[in-house]
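Contents: one structure, followed by commentary.
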Number of protein chains: 2
Amino acid sequence: MSLRFALLGLLTVSGPASGYDLTKLFESSINYAWQARHSQIYPELNKMAADGLITVEEEGPRGRKTYAITEEGARELRAWLIEREPSRSFRDEGALRAFLLPTLEPHEAAALLRAEAEAYGAKLAELEALHDLRAAQQTSHENAQFGKYALDLGIRQMRTIRDWARETADRIEGSSRS
Amino acid sequence: MSLRFALLGLLTVSGPASGYDLTKLFESSINYAWQARHSQIYPELNKMAADGLITVEEEGPRGRKTYAITEEGARELRAWLIEREPSRSFRDEGALRAFLLPTLEPHEAAALLRAEAEAYGAKLAELEALHDLRAAQQTSHENAQFGKYALDLGIRQMRTIRDWARETADRIEGSSRS
DNA sequence: ATCCGCATGTAACAGGTTACATGATTCA
DNA sequence: TGAATCATGTAACCTGTTACATGCGGAT
(Lines give C-alpha, C1' and ligand atoms only; values in the text may rest on other atoms or scores of the structure.)
Protein backbone atom coordinates (compact mmCIF):
# COMPACT_ATOMS: atom_id res chain seq x y z
CA MET A 1 0.00 0.00 0.00
CA SER A 2 2.86 2.39 0.73
CA LEU A 3 4.01 2.37 -2.89
CA ARG A 4 0.74 3.89 -3.97
CA PHE A 5 1.17 6.85 -1.65
CA ALA A 6 4.80 7.33 -2.48
CA LEU A 7 3.73 7.69 -6.12
CA LEU A 8 0.95 10.11 -5.24
CA GLY A 9 3.47 12.17 -3.29
CA LEU A 10 5.89 12.29 -6.18
CA LEU A 11 3.12 13.33 -8.55
CA THR A 12 2.03 16.05 -6.13
CA VAL A 13 5.43 17.61 -6.06
CA SER A 14 6.93 17.02 -9.46
CA GLY A 15 3.71 17.49 -11.38
CA PRO A 16 2.56 15.14 -14.17
CA ALA A 17 5.00 12.35 -14.96
CA SER A 18 5.20 9.00 -16.74
CA GLY A 19 5.92 5.61 -15.15
CA TYR A 20 9.39 5.90 -16.54
CA ASP A 21 9.88 9.32 -14.94
CA LEU A 22 8.50 8.09 -11.65
CA THR A 23 10.84 5.11 -11.64
CA LYS A 24 13.79 7.46 -11.93
CA LEU A 25 12.36 9.97 -9.47
CA PHE A 26 12.03 7.14 -7.01
CA GLU A 27 15.68 6.32 -7.38
CA SER A 28 16.88 9.87 -7.03
CA SER A 29 14.76 10.87 -4.08
CA ILE A 30 13.34 8.40 -1.55
CA ASN A 31 15.62 5.60 -2.59
CA TYR A 32 17.24 5.29 0.84
CA ALA A 33 13.90 4.91 2.59
CA TRP A 34 11.85 3.04 0.01
CA GLN A 35 12.57 1.16 -3.21
CA ALA A 36 10.47 0.16 -6.18
CA ARG A 37 11.28 -1.25 -9.61
CA HIS A 38 9.50 -0.39 -12.80
CA SER A 39 7.95 -3.86 -12.78
CA GLN A 40 6.11 -2.90 -9.65
CA ILE A 41 5.42 0.69 -10.57
CA TYR A 42 3.73 0.18 -13.96
CA PRO A 43 1.03 -2.23 -12.75
CA GLU A 44 0.43 -0.06 -9.71
CA LEU A 45 -0.11 3.03 -11.86
CA ASN A 46 -2.67 1.12 -13.93
CA LYS A 47 -4.52 0.11 -10.78
CA MET A 48 -4.39 3.66 -9.45
CA ALA A 49 -5.83 5.00 -12.69
CA ALA A 50 -8.62 2.41 -12.50
CA ASP A 51 -9.31 3.60 -8.94
CA GLY A 52 -9.50 7.22 -10.08
CA LEU A 53 -6.51 8.45 -8.06
CA ILE A 54 -4.63 9.50 -11.16
CA THR A 55 -5.50 10.14 -14.82
CA VAL A 56 -3.66 9.76 -18.08
CA GLU A 57 -3.14 13.36 -18.93
CA GLU A 58 -1.34 12.88 -22.18
CA GLU A 59 -0.11 10.11 -24.47
CA GLY A 60 3.23 10.76 -26.06
CA PRO A 61 5.61 8.97 -28.41
CA ARG A 62 6.73 5.38 -27.66
CA GLY A 63 3.51 4.70 -25.80
CA ARG A 64 4.46 7.21 -23.13
CA LYS A 65 1.61 7.94 -20.74
CA THR A 66 1.82 11.02 -18.57
CA TYR A 67 -0.13 10.71 -15.34
CA ALA A 68 -1.52 13.50 -13.20
CA ILE A 69 -2.92 13.22 -9.68
CA THR A 70 -6.68 13.75 -9.34
CA GLU A 71 -8.50 15.50 -6.52
CA GLU A 72 -9.50 12.12 -5.19
CA GLY A 73 -5.87 11.07 -5.26
CA ALA A 74 -4.86 14.13 -3.26
CA ARG A 75 -7.60 13.43 -0.72
CA GLU A 76 -6.48 9.82 -0.32
CA LEU A 77 -2.87 10.81 0.20
CA ARG A 78 -3.88 13.27 2.86
CA ALA A 79 -6.11 10.71 4.58
CA TRP A 80 -3.34 8.12 4.54
CA LEU A 81 -0.92 10.50 6.20
CA ILE A 82 -3.31 11.85 8.78
CA GLU A 83 -5.70 9.07 9.63
CA ARG A 84 -3.67 5.93 9.23
CA GLU A 85 -1.67 4.70 12.15
CA PRO A 86 1.80 4.13 10.69
CA SER A 87 3.34 0.70 10.92
CA ARG A 88 6.35 1.29 13.10
CA SER A 89 7.75 -2.22 12.82
CA PHE A 90 10.75 -2.30 10.61
CA ARG A 91 12.92 -5.06 9.34
CA ASP A 92 16.61 -4.37 9.44
CA GLU A 93 19.02 -6.99 8.20
CA GLY A 94 21.92 -5.07 9.73
CA ALA A 95 20.41 -5.29 13.18
CA LEU A 96 19.67 -8.98 12.70
CA ARG A 97 23.30 -9.60 11.83
CA ALA A 98 24.30 -7.62 14.90
CA PHE A 99 22.14 -9.93 16.92
CA LEU A 100 23.94 -12.95 15.52
CA LEU A 101 27.42 -11.51 15.95
CA PRO A 102 28.09 -13.20 19.31
CA THR A 103 28.00 -16.59 17.54
CA LEU A 104 31.36 -15.64 15.96
CA GLU A 105 34.86 -15.31 17.37
CA PRO A 106 35.50 -11.80 18.72
CA HIS A 107 38.09 -10.92 16.09
CA GLU A 108 35.75 -12.03 13.30
CA ALA A 109 32.87 -10.03 14.72
CA ALA A 110 35.07 -6.94 15.05
CA ALA A 111 36.25 -7.24 11.44
CA LEU A 112 32.66 -7.47 10.22
CA LEU A 113 31.73 -4.40 12.21
CA ARG A 114 34.63 -2.43 10.76
CA ALA A 115 33.42 -3.28 7.27
CA GLU A 116 29.88 -2.23 8.21
CA ALA A 117 31.11 1.04 9.64
CA GLU A 118 32.90 1.76 6.40
CA ALA A 119 29.92 0.90 4.21
CA TYR A 120 27.56 3.04 6.23
CA GLY A 121 30.10 5.82 6.31
CA ALA A 122 30.11 5.79 2.52
CA LYS A 123 26.32 5.91 2.38
CA LEU A 124 26.39 8.76 4.85
CA ALA A 125 28.80 10.71 2.66
CA GLU A 126 26.49 10.18 -0.32
CA LEU A 127 23.49 11.54 1.53
CA GLU A 128 25.48 14.46 2.87
CA ALA A 129 26.57 15.35 -0.64
CA LEU A 130 22.93 15.24 -1.74
CA HIS A 131 22.02 17.47 1.18
CA ASP A 132 24.64 20.05 0.25
CA LEU A 133 23.53 19.94 -3.36
CA ARG A 134 19.95 20.66 -2.27
CA ALA A 135 21.09 23.55 -0.11
CA ALA A 136 22.86 25.09 -3.10
CA GLN A 137 19.78 24.72 -5.31
CA GLN A 138 17.46 26.04 -2.65
CA THR A 139 16.92 29.36 -4.35
CA SER A 140 16.37 28.05 -7.87
CA HIS A 141 13.80 25.28 -7.25
CA GLU A 142 11.08 25.72 -4.74
CA ASN A 143 10.46 21.99 -4.77
CA ALA A 144 14.05 21.25 -3.91
CA GLN A 145 13.19 21.38 -0.24
CA PHE A 146 10.74 18.52 -0.69
CA GLY A 147 12.18 15.50 0.99
CA LYS A 148 14.44 17.68 3.12
CA TYR A 149 13.06 16.26 6.35
CA ALA A 150 13.39 12.73 5.14
CA LEU A 151 16.92 13.34 3.96
CA ASP A 152 17.80 14.74 7.35
CA LEU A 153 16.38 11.62 8.99
CA GLY A 154 18.32 9.40 6.60
CA ILE A 155 21.55 11.18 7.41
CA ARG A 156 21.00 10.84 11.13
CA GLN A 157 20.19 7.15 10.80
CA MET A 158 23.32 6.44 8.78
CA ARG A 159 25.40 8.28 11.31
CA THR A 160 23.84 6.31 14.16
CA ILE A 161 24.60 2.96 12.57
CA ARG A 162 28.12 3.91 11.57
CA ASP A 163 28.97 5.12 15.05
CA TRP A 164 27.43 2.07 16.64
CA ALA A 165 29.46 -0.24 14.40
CA ARG A 166 32.68 1.62 15.18
CA GLU A 167 32.17 1.73 18.89
CA THR A 168 31.04 -1.87 19.10
CA ALA A 169 34.10 -3.01 17.17
CA ASP A 170 36.27 -1.04 19.57
CA ARG A 171 34.55 -2.54 22.56
CA ILE A 172 34.87 -6.11 21.28
CA GLU A 173 38.53 -5.70 20.46
CA GLY A 174 39.16 -4.02 23.77
CA SER A 175 37.67 -6.82 25.82
CA SER A 176 39.11 -9.71 23.80
CA ARG A 177 42.66 -8.33 23.96
CA SER A 178 42.72 -8.49 27.76
CA MET B 1 16.50 -16.10 3.56
CA SER B 2 17.21 -14.06 6.69
CA LEU B 3 14.58 -15.94 8.68
CA ARG B 4 16.53 -19.13 8.27
CA PHE B 5 19.64 -17.62 9.81
CA ALA B 6 17.76 -15.92 12.59
CA LEU B 7 16.44 -19.36 13.56
CA LEU B 8 19.90 -20.94 13.35
CA GLY B 9 21.19 -18.17 15.60
CA LEU B 10 18.49 -18.71 18.17
CA LEU B 11 19.14 -22.46 18.18
CA THR B 12 22.87 -21.82 18.61
CA VAL B 13 22.35 -19.77 21.71
CA SER B 14 19.31 -21.19 23.40
CA GLY B 15 20.04 -24.82 22.55
CA PRO B 16 17.42 -27.25 21.21
CA ALA B 17 13.94 -25.77 20.92
CA SER B 18 10.58 -26.41 19.28
CA GLY B 19 8.88 -24.24 16.68
CA TYR B 20 6.63 -23.00 19.43
CA ASP B 21 9.60 -22.05 21.61
CA LEU B 22 11.31 -20.34 18.69
CA THR B 23 8.20 -18.32 17.90
CA LYS B 24 8.23 -16.97 21.44
CA LEU B 25 11.98 -16.51 21.52
CA PHE B 26 11.65 -14.47 18.36
CA GLU B 27 9.17 -12.19 20.04
CA SER B 28 11.17 -11.69 23.18
CA SER B 29 14.53 -11.11 21.57
CA ILE B 30 14.98 -9.80 18.01
CA ASN B 31 11.43 -8.60 17.69
CA TYR B 32 12.40 -4.98 17.17
CA ALA B 33 14.74 -5.82 14.31
CA TRP B 34 12.98 -8.76 12.70
CA GLN B 35 9.53 -10.34 12.93
CA ALA B 36 8.16 -13.75 12.10
CA ARG B 37 4.88 -15.51 12.83
CA HIS B 38 4.47 -19.16 13.58
CA SER B 39 2.86 -19.60 10.18
CA GLN B 40 6.17 -18.69 8.61
CA ILE B 41 8.41 -20.40 11.14
CA TYR B 42 6.91 -23.90 11.02
CA PRO B 43 7.24 -24.41 7.26
CA GLU B 44 10.75 -22.93 7.35
CA LEU B 45 11.83 -25.37 10.06
CA ASN B 46 10.59 -28.24 7.94
CA LYS B 47 12.58 -27.00 4.97
CA MET B 48 15.66 -26.50 7.11
CA ALA B 49 15.39 -30.04 8.44
CA ALA B 50 15.07 -31.31 4.86
CA ASP B 51 18.22 -29.36 4.01
CA GLY B 52 20.10 -30.90 6.92
CA LEU B 53 20.67 -27.65 8.82
CA ILE B 54 18.72 -28.85 11.83
CA THR B 55 17.48 -32.23 13.11
CA VAL B 56 14.50 -33.34 15.12
CA GLU B 57 16.21 -34.22 18.36
CA GLU B 58 13.17 -35.35 20.26
CA GLU B 59 9.43 -35.79 19.81
CA GLY B 60 7.38 -34.86 22.84
CA PRO B 61 3.71 -34.74 23.79
CA ARG B 62 1.20 -32.87 21.59
CA GLY B 63 3.32 -33.51 18.53
CA ARG B 64 6.08 -31.33 19.91
CA LYS B 65 9.28 -31.55 17.88
CA THR B 66 12.49 -30.31 19.43
CA TYR B 67 15.04 -29.17 16.87
CA ALA B 68 18.80 -28.97 17.28
CA ILE B 69 21.26 -27.25 14.98
CA THR B 70 23.58 -29.56 13.02
CA GLU B 71 27.23 -28.97 12.18
CA GLU B 72 26.19 -28.10 8.67
CA GLY B 73 23.74 -25.59 10.07
CA ALA B 74 26.45 -23.95 12.14
CA ARG B 75 28.74 -23.79 9.09
CA GLU B 76 26.01 -22.18 7.00
CA LEU B 77 25.26 -19.57 9.64
CA ARG B 78 28.92 -18.68 9.87
CA ALA B 79 29.25 -18.48 6.09
CA TRP B 80 26.18 -16.26 5.84
CA LEU B 81 27.57 -13.84 8.37
CA ILE B 82 31.11 -13.73 7.03
CA GLU B 83 30.85 -14.26 3.29
CA ARG B 84 27.59 -12.69 2.34
CA GLU B 85 27.47 -9.04 1.56
CA PRO B 86 24.62 -7.74 3.71
CA SER B 87 21.73 -6.00 2.04
CA ARG B 88 21.96 -2.51 3.41
CA SER B 89 18.79 -1.25 1.80
CA PHE B 90 16.00 -0.90 4.25
CA ARG B 91 12.40 0.02 3.93
CA ASP B 92 11.17 2.45 6.52
CA GLU B 93 7.57 3.57 6.41
CA GLY B 94 8.35 6.31 8.91
CA ALA B 95 10.94 7.85 6.61
CA LEU B 96 8.58 7.58 3.66
CA ARG B 97 5.93 9.46 5.59
CA ALA B 98 8.54 12.05 6.50
CA PHE B 99 9.21 12.45 2.83
CA LEU B 100 5.55 13.11 2.14
CA LEU B 101 5.10 15.53 5.04
CA PRO B 102 5.62 18.68 2.95
CA THR B 103 2.40 17.88 1.07
CA LEU B 104 0.49 18.82 4.26
CA GLU B 105 -0.14 22.11 6.00
CA PRO B 106 2.64 22.97 8.47
CA HIS B 107 0.48 22.62 11.56
CA GLU B 108 -0.75 19.22 10.41
CA ALA B 109 2.75 18.02 9.71
CA ALA B 110 3.94 19.22 13.11
CA ALA B 111 1.09 17.43 14.88
CA LEU B 112 1.94 14.19 13.11
CA LEU B 113 5.57 14.52 14.09
CA ARG B 114 4.64 15.08 17.73
CA ALA B 115 2.66 11.86 17.68
CA GLU B 116 5.57 10.04 16.07
CA ALA B 117 7.99 11.36 18.66
CA GLU B 118 5.75 10.09 21.40
CA ALA B 119 5.34 6.65 19.87
CA TYR B 120 9.06 6.21 19.32
CA GLY B 121 9.73 7.53 22.81
CA ALA B 122 7.51 4.77 24.19
CA LYS B 123 9.33 2.13 22.15
CA LEU B 124 12.61 3.53 23.36
CA ALA B 125 11.49 3.24 26.97
CA GLU B 126 10.55 -0.39 26.34
CA LEU B 127 13.94 -1.24 24.94
CA GLU B 128 15.71 0.62 27.73
CA ALA B 129 13.75 -1.37 30.30
CA LEU B 130 14.79 -4.57 28.52
CA HIS B 131 18.37 -3.38 28.56
CA ASP B 132 18.31 -2.73 32.29
CA LEU B 133 16.69 -6.09 32.90
CA ARG B 134 19.48 -7.77 30.98
CA ALA B 135 22.12 -5.90 32.92
CA ALA B 136 20.59 -7.16 36.17
CA GLN B 137 20.53 -10.76 34.94
CA GLN B 138 24.05 -10.57 33.58
CA THR B 139 25.52 -12.74 36.32
CA SER B 140 22.86 -15.43 36.30
CA HIS B 141 22.65 -16.26 32.56
CA GLU B 142 25.71 -16.33 30.43
CA ASN B 143 23.54 -16.13 27.34
CA ALA B 144 21.83 -12.99 28.56
CA GLN B 145 24.44 -10.91 26.80
CA PHE B 146 23.45 -12.42 23.49
CA GLY B 147 21.71 -9.75 21.53
CA LYS B 148 23.28 -7.04 23.65
CA TYR B 149 24.86 -5.37 20.63
CA ALA B 150 21.64 -5.50 18.67
CA LEU B 151 19.69 -4.11 21.59
CA ASP B 152 22.15 -1.25 21.89
CA LEU B 153 21.70 -0.52 18.18
CA GLY B 154 17.92 -0.66 18.55
CA ILE B 155 18.02 1.83 21.40
CA ARG B 156 20.19 4.23 19.47
CA GLN B 157 17.94 4.02 16.43
CA MET B 158 14.81 4.73 18.44
CA ARG B 159 16.50 7.68 20.05
CA THR B 160 17.57 9.02 16.67
CA ILE B 161 14.07 8.89 15.23
CA ARG B 162 12.44 10.35 18.32
CA ASP B 163 14.84 13.27 18.44
CA TRP B 164 14.48 13.89 14.72
CA ALA B 165 10.68 13.96 15.03
CA ARG B 166 10.82 16.37 17.95
CA GLU B 167 13.29 18.74 16.38
CA THR B 168 11.55 18.71 13.02
CA ALA B 169 8.22 19.51 14.65
CA ASP B 170 9.87 22.41 16.47
CA ARG B 171 11.44 23.68 13.29
CA ILE B 172 8.18 23.52 11.32
CA GLU B 173 6.22 25.29 14.02
CA GLY B 174 8.95 27.87 14.41
CA SER B 175 9.01 28.81 10.74
CA SER B 176 5.24 28.75 10.19
CA ARG B 177 4.54 31.00 13.17
CA SER B 178 6.55 33.86 11.72
C1' DA C 1 -16.06 -30.91 32.76
C1' DT C 2 -14.19 -26.91 31.01
C1' DC C 3 -10.89 -23.60 29.86
C1' DC C 4 -6.36 -22.12 28.88
C1' DG C 5 -2.13 -22.67 26.88
C1' DC C 6 0.70 -25.82 24.14
C1' DA C 7 1.59 -27.23 19.58
C1' DT C 8 1.44 -27.64 14.62
C1' DG C 9 -0.12 -26.84 10.48
C1' DT C 10 -2.47 -24.87 5.69
C1' DA C 11 -4.60 -21.49 2.35
C1' DA C 12 -5.38 -17.14 0.36
C1' DC C 13 -3.55 -12.99 -0.45
C1' DA C 14 -0.40 -8.83 -0.70
C1' DG C 15 3.91 -6.95 -1.65
C1' DG C 16 8.40 -7.26 -3.95
C1' DT C 17 12.39 -9.06 -6.93
C1' DT C 18 14.38 -11.08 -10.98
C1' DA C 19 14.20 -12.15 -15.42
C1' DC C 20 12.08 -12.19 -19.79
C1' DA C 21 10.14 -9.64 -23.67
C1' DT C 22 9.27 -6.05 -26.93
C1' DG C 23 9.57 -2.05 -29.58
C1' DA C 24 10.24 3.17 -30.66
C1' DT C 25 13.25 7.20 -30.97
C1' DT C 26 17.34 9.76 -30.91
C1' DC C 27 22.01 10.66 -31.67
C1' DA C 28 26.59 9.83 -33.40
C1' DT D 1 23.26 1.66 -39.22
C1' DG D 2 24.19 0.72 -34.71
C1' DA D 3 24.02 1.77 -29.89
C1' DA D 4 21.98 3.94 -26.11
C1' DT D 5 18.07 5.33 -23.93
C1' DC D 6 13.16 5.82 -23.68
C1' DA D 7 9.12 3.29 -22.56
C1' DT D 8 5.98 -0.33 -21.09
C1' DG D 9 4.74 -4.50 -19.87
C1' DT D 10 4.32 -9.83 -18.04
C1' DA D 11 5.56 -14.26 -15.53
C1' DA D 12 7.70 -16.94 -12.08
C1' DC D 13 9.13 -16.88 -7.74
C1' DC D 14 10.02 -15.61 -2.85
C1' DT D 15 8.72 -13.54 1.49
C1' DG D 16 5.50 -12.29 4.74
C1' DT D 17 0.59 -11.50 6.83
C1' DT D 18 -4.03 -12.84 8.05
C1' DA D 19 -7.19 -16.09 8.85
C1' DC D 20 -8.71 -20.66 9.21
C1' DA D 21 -8.28 -25.26 11.30
C1' DT D 22 -7.30 -28.88 14.52
C1' DG D 23 -6.25 -31.35 18.61
C1' DC D 24 -3.66 -32.61 23.08
C1' DG D 25 -2.56 -31.90 28.05
C1' DG D 26 -2.77 -29.80 32.43
C1' DA D 27 -4.99 -27.15 35.97
C1' DT D 28 -9.15 -25.78 38.62
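Numbered from 1 within each chain, the chains take letters A, B, ... in sequence-line order. Computed over heavy atoms, backbone and side chain alike; hydrogens, waters and symmetry mates excluded. In this text the structure is predicted, and so the values were computed from the model without any measurement.
Atom CZ of B:R37 and atom C1' of D:dT15 are 13 Å apart (whole Å). To the nearest angstrom, C1' of C:dG16 lies 12 Å from CD of A:E44. For B:N46 and C:dT8, the CG to C1' distance is 9 Å, given to the nearest whole Å. The CD-P distance, from A:E93 to C:dT17, rounds to 13 Å in whole Å. Rounding to whole angstrom units, CE of residue B:M48 and C1' of D:dT15 are separated by 15 Å. The nearest whole Å value for the distance from the OH atom in B:Y67 to the P atom in C:dT8 is 7 Å. Rounded to whole Å, atom C1' of C:dC6 lies 8 Å from atom NZ of B:K24. Atom CD of A:E59 is separated from atom P of D:dG9 by 10 Å (rounded to the nearest Å).
Salt bridge annotation for A:R156-A:D152: present, with a cationic side-chain nitrogen under 4.0 angstrom from a carboxylate oxygen. No salt bridge links A:D21 with A:K65; every basic N to acidic carboxylate O contact stays at or beyond 4.0 Å.
Checking the phosphate oxygens (OP1, OP2) of C:dT17, a side-chain nitrogen or oxygen of A:Q40 falls inside 4.0 Å. Contact annotation: B:R62 side-chain N/O to C:dC6 OP1/OP2 distance is not under 4.0 Å. Considering only side-chain N and O atoms, A:R91 lies under 4.0 angstrom from the phosphate OP1 or OP2 of D:dT17. An OP1 or OP2 oxygen of C:dT8 is reached within less than 4.0 angstrom by a side-chain nitrogen or oxygen of B:Y42. A close approach under 4.0 Å does occur between a side-chain nitrogen or oxygen of B:Y20 and OP1 or OP2 of C:dC6. At C:dG9, one or more side-chain N or O atoms of B:K65 fall inside 4.0 Å of OP1 or OP2 (strictly under the cut-off).
Nucleic acid contact class of A:S2 (heavy atoms, under 4.0 Å, all strands): none.
Stacking of A:R97 on the aromatic ring of B:W80 is recorded, both the 6.0 Å distance cut-off and the 45° axial limit being met.
In terms of position on DNA chain C, the residue among A:P61 and A:L3 whose nearest nucleotide sits closer to the 5' end is A:L3.
Counting only heavy atoms from C-beta on, B:D21 has its side chain closest to C:dA7 among C:dG16, C:dG9, C:dA7.
The backbone N or O of A:A115 sits nowhere less than 3.5 Å from a side-chain atom of A:Y120 that would complete a donor-acceptor pair.
Side-chain atoms of A:S39 and base atoms of C:dT18 include a donor and an acceptor less than 3.5 Å apart.
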_Intermediate values then yes/no, side-chain hydrogen bond (donor to acceptor under 3.5 Å, both in side chains), A:T12 and B:T103_ = CA-CA 7 Å; A:T12 299; B:T103 65; 5.9 Å; no

